[in-house]
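Here the structure is a predicted model, which is why all the values come from computation and not from measurement. Heads up: numbering here begins at 1 and tracks the sequence.
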Amino acid sequence: AKVYEALLGFEGDEFYKETWPELEGIAFRELQQRFPEAVPIGIYSSSGEVCLLPLPTYVLKEGDQVIVLAEDNDTYRPKPPHLIEAGPPPSFNSARRRIEKIL
């Protein structure tokens with residue numbers, strides 16, 4: 001009951017939908033990194049269909065609205081993606097391990 005109250009009540013985060021023309025052509029999987037202050041959860045398409053958790057490969061089209069969970073409608077907006085530079089992968093020790101016998 002508390003989860004429903006938190007999601008559907010008027011206190012705390014709420015659902016919002018808005019059209020962002022600068023996001024046309026972007027895959028849904030990329031939205032998470034573009035909304036650091038909100039959680040994209042779906043798409044309200046220009047044809048009037050609601051799709052919660054669309055495929056990650058879904059590409060936003062003209063007129064699509066992004067559905068998000070956010071604190072308020074003026075606390076979020078899309079930002080350039082936050083790129084993380086990953087270092088080299090760790091090296092693996094290929095030495096054989098001794099078999100242990102535990103009683």
Side-chain angles (χ1 to χ4, degrees):
K2 289 187 179 193
V3 172
Y4 287 115
E5 181 181 341
L7 290 175
L8 303 175
F10 291 103
E11 291 187 28
D13 293 350
E14 298 173 353
F15 294 102
Y16 298 97
K17 64 181 175 65
E18 191 165 341
T19 302
W20 302 97
E22 64 268 33
L23 297 178
E24 289 175 18
I26 301 292
F28 186 79
R29 71 172 154 246
E30 297 178 34
L31 294 182
Q32 194 67 36
Q33 60 185 327
R34 292 181 182 258
F35 287 100
E37 296 89 12
V39 180
I41 61 164
I43 301 295
Y44 183 75
S45 72
S46 56
S47 63
E49 294 180 32
V50 175
C51 181
L52 298 179
L53 195 57
L55 292 173
T57 55
Y58 177 85
V59 175
L60 277 90
K61 300 171 185 64
E62 182 179 350
D64 284 353
Q65 295 180 326
V66 179
I67 302 170
V68 300
L69 186 60
E71 183 179 349
D72 205 346
N73 64 341
D74 61 355
T75 60
Y76 74 96
R77 48 186 337 90
K79 297 183 177 170
H82 181 77
L83 301 177
I84 298 172
E85 288 190 36
S91 60
F92 293 98
N93 186 355
S94 62
R96 291 183 54 86
R97 297 176 59 186
R98 293 187 310 149
I99 298 174
E100 294 182 26
K101 292 184 181 180
I102 300 175
L103 297 176

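- Put simply, NZ on Lys17 and CD1 on Ile67 are 7.5 Å apart, with the number rounded to the nearest 0.5 Å.
- Of the options Leu53, Leu23, Leu31, a side-chain contact (heavy atoms from CB on, under 4.5 Å) to Pro40 is made by Leu31 and by none of the others.
- Considering every non-hydrogen atom in both Ala27 and Pro56, the closest pair reads CB-O, 3.7 Å.
- Every residue meeting the side chain to side chain donor-acceptor pair (under 3.5 Å) condition with Ser45, not counting sequence neighbours, appears here in chain and number order: Ser47.
- The aromatic rings of Tyr16 and Tyr76 lie tilted to each other, with the angle between the two planes from 30° to 60°.
- The side-chain heavy atoms of Ile41 and Val68, taken from C-beta on, include no pair separated by under 4.5 Å.
- Grouping the Ile, Leu, Val, Met, Phe, Trp and Tyr side chains by contacts below 4.5 angstrom, directly or via other members, places Val39 apart from Ile26.
- Note that CZ of Phe28 is 11.0 Å distant from OG1 of Thr57, once rounded to the nearest 0.5 Å.
- Asp64 has its side chain out of reach of Tyr44: every pair of non-hydrogen atoms, C-beta onward, lies at least 4.5 Å apart.
- Leu52 and Tyr58 are members of different hydrophobic clusters when ILVMFWY side chains are connected at heavy-atom separations under 4.5 Å.
- Residue Glu71 places its CD atom among 12 or fewer non-hydrogen atoms of other residues, nucleotides or ligands, all under 6.0 Å distant.
- A heavy-atom distance below 4.5 Å is not found between the side chains of Gln65 and Ile43.
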Show, in sequence, the C-alpha distance, side-chain angles and deciding distance for Gln33 and Lys79, and conclude whether the side chain to side chain contact (heavy atoms under 4.5 Å, CB included) test is met. CA-CA 8 Å; Gln33 60 185 327; Lys79 297 183 177 170; over 6 Å; no
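- Distance CD/Glu30 to CG/Leu60: 10.0 Å, rounded to 0.5 Å.
- Side-chain contact check for Pro78 versus Phe35: some heavy-atom pair is nearer than 4.5 Å.
- Minimum heavy-atom separation, Gly42 to Pro54: CA-CD, 3.9 Å.
- Here the CD-CG distance, from Glu14 to Leu69, works out to 9.0 Å after rounding to the nearest 0.5 Å.
- Of the charged side-chain nitrogens involved, none lies within less than 4.0 Å of a carboxylate oxygen, so that Arg77 and Glu18 do not count as a salt-bridged pair.
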